[in-house]
There are 2 protein chains.
Amino acid sequence: MANLSDDPSFPFYVASRLFSQAYREPLDAIGLTYPQYLVMLVLWEKDGQMVSQIGQKLQLDSGTLTPLLKRLEASNLIKRVRSEEDERKVVIELTYPGSSLQSKAAKVAEKADEFFNNWEEKDVSQLKAIMKKLLAEFNPS
Amino acid sequence: MANLSDDPSFPFYVASRLFSQAYREPLDAIGLTYPQYLVMLVLWEKDGQMVSQIGQKLQLDSGTLTPLLKRLEASNLIKRVRSEEDERKVVIELTYPGSSLQSKAAKVAEKADEFFNNWEEKDVSQLKAIMKKLLAEFNPS
DNA sequence: ATAAATTGAATTGCAAACAATTTAAATAAA
DNA sequence: TTTATTTAAATTGTTTGCAATTCAATTTAT
């Protein structure tokens, strides 16, 4: 019979929320939500990406990203620029404040990092490897 | 510098959504959402729990649970009964349809179970053990 | 060239998640 | 006892997440 402690998804559901709660305080301090932070991470790595490129990296669709990006634009962290060659595409560009925010975001993952620093290295690398395998192989089709 | 592939939370964020997407189809078939399914799992294990007891097991507060439980009640799967001894408490009781749904929910986690069945047993038990450790030790304070 | 299909975002609508506040009830303290 | 505190849910407001649909622009096929 189905049972919470046997359910393979539940630990991930809880873990995901625990992390986003741990990030909340430092993110509040710089005016970002957790998914907004992920979008900024993607843009700090490479500025000027299309909505769909960001979506591919975060596994989010335009239904989630469009309003989120509009909020980041309202916060003056990004600009949404419609491409000239292909008017369907919207390119996301960091503003100066958006770019500058990167250094202030350095401490966001601190609590999570510290937590794993207290683990034995073999447990950390095991977890990393297994999560990588999980994400690479699991498809919800 | 902060970077998506270094972020310790991101794999859990994605995994959580992948699982809930994998559950969507079988859950749709029985008229439940993923968090509603979790609540039903908790109730199938033990009927007649308080909102706060359910919240403790799922790590959810009344702001999430109250409207969710009202929807389950509207679907005629549960009843919300205010306790007589202590009028602050609301006890959640399964209806007959709610109770009966348990057998139909047997296949919900099938895809996830099959996925892990194709893994080597040592990887599965490793992942389980590490997730257990993570959830027991990580606190987002 | 024109119609059909595809693509990229945006929109709509619903259900979480969660902080913050409120309400009511029960308990403790003065 | 009356006041203050604590507790359990509910409410309010904002942001996600996602299915489904729409809209416009671009490609492909006829």
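Lettering of chains follows the sequences in order, A, B, ..., and the numbering in each one begins at 1.
- Between D:dG17 and B:Ser20, no contact under 4.0 Å exists linking OP1 or OP2 to a side-chain N or O.
- Remark: the B:Ser62 side chain and the D:dA8 base include no donor-acceptor N/O pair separated by less than 3.5 Å.
- Mapping A:Asp86 and A:Asp61 onto DNA chain D by nearest heavy atom places A:Asp61 at the nucleotide closer to the 5' end.
- Distances shown here put a side-chain N or O of A:Tyr13 below 4.0 Å from the OP1 or OP2 atom of C:dA17.
- Between C:dA10, C:dA15, C:dT6, one nucleotide has an atom nearer to the side chain of B:Arg71 than all others, and that is C:dA15.
- A close approach under 4.0 Å does not occur between any side-chain nitrogen or oxygen of A:Ser52 and OP1 or OP2 of C:dT7.
- When distances are taken from the side chain of B:Leu68 to each of C:dA19, D:dC18, C:dA16, the shortest belongs to C:dA16.
- Taking every side-chain heavy atom of A:Arg80 into account, C:dA10 is the closest of D:dC18, C:dC18, C:dA10.
- Here D:dT15 presents its P atom at 8 Å from CD of A:Gln36, a figure rounded to the nearest Å.
- We find that CG of A:Leu60 is positioned 10 Å from C1' of D:dC18, with the value rounded to whole Å.
- The nucleotide whose nearest atom lies closest to any side-chain atom of A:Met50 is, among D:dA8, D:dA10, C:dG8, C:dG8.
- Using a 4.5 Å cut-off between side-chain heavy atoms of Ile, Leu, Val, Met, Phe, Trp and Tyr, with links allowed through other members, B:Val91 and B:Ile78 fall into different hydrophobic clusters.
- Listed nucleotides C:dT11, D:dC18, D:dT11 differ in distance to B:Thr66; the shortest reach to its side chain belongs to D:dT11.
- Rounded to whole Å, the distance from CD on A:Glu73 to P on D:dT15 is 15 Å.
- For B:Glu87, taking side-chain heavy atoms from C-beta onward, the closest of the listed nucleotides D:dC18, C:dA25, C:dC18 is C:dA25.
- By the 4.0 Å N-to-carboxylate-O rule, B:Glu73 lies close enough to B:Arg80 to be salt-bridged with it.
- Among the nucleotides C:dA16, C:dG8, D:dA9, the one closest to the side chain of B:Arg82 is D:dA9.
- Going from atom CD1 of B:Ile92 over to atom P of D:dA9 covers 8 Å, rounded to whole Å.
- Between A:Gln102 and A:Leu94, the closest side-chain pair of non-hydrogen atoms is not below 4.5 Å.
- Crowding of B:Lys133 atom NZ: a count of heavy atoms from other residues, nucleotides or ligands under 6.0 Å exceeding 12.
- Rounded to whole angstrom, the span from the NZ atom of B:Lys70 across to the P atom of D:dA9 amounts to 13 Å.
- Spacing between atom CD1 of A:Ile54 and atom P of C:dA10 amounts to 11 Å, rounded to whole angstrom units.
- Summarising the geometry, the separation between CG on B:Leu77 and P on C:dA15 is reported as 14 Å, rounded to the nearest angstrom.
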Discussion item. Using the rule given for ring pair (Phe, Tyr, Trp, His ring centres under 6.0 Å), can you reason through B:Phe19 versus B:Tyr34, listing the C-alpha separation, both sets of side-chain angles and the distance that settles it, and then say yes or no?
Written reply: CA-CA 9 Å; B:Phe19 281 112; B:Tyr34 178 73; 8.6 Å; no
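- Closest to the side chain of A:Arg17, out of D:dA9, D:dT16, C:dC18, is C:dC18.
- Atom CG in A:Leu65 sits about 14 Å away from atom P in C:dT11, given to the nearest Å.
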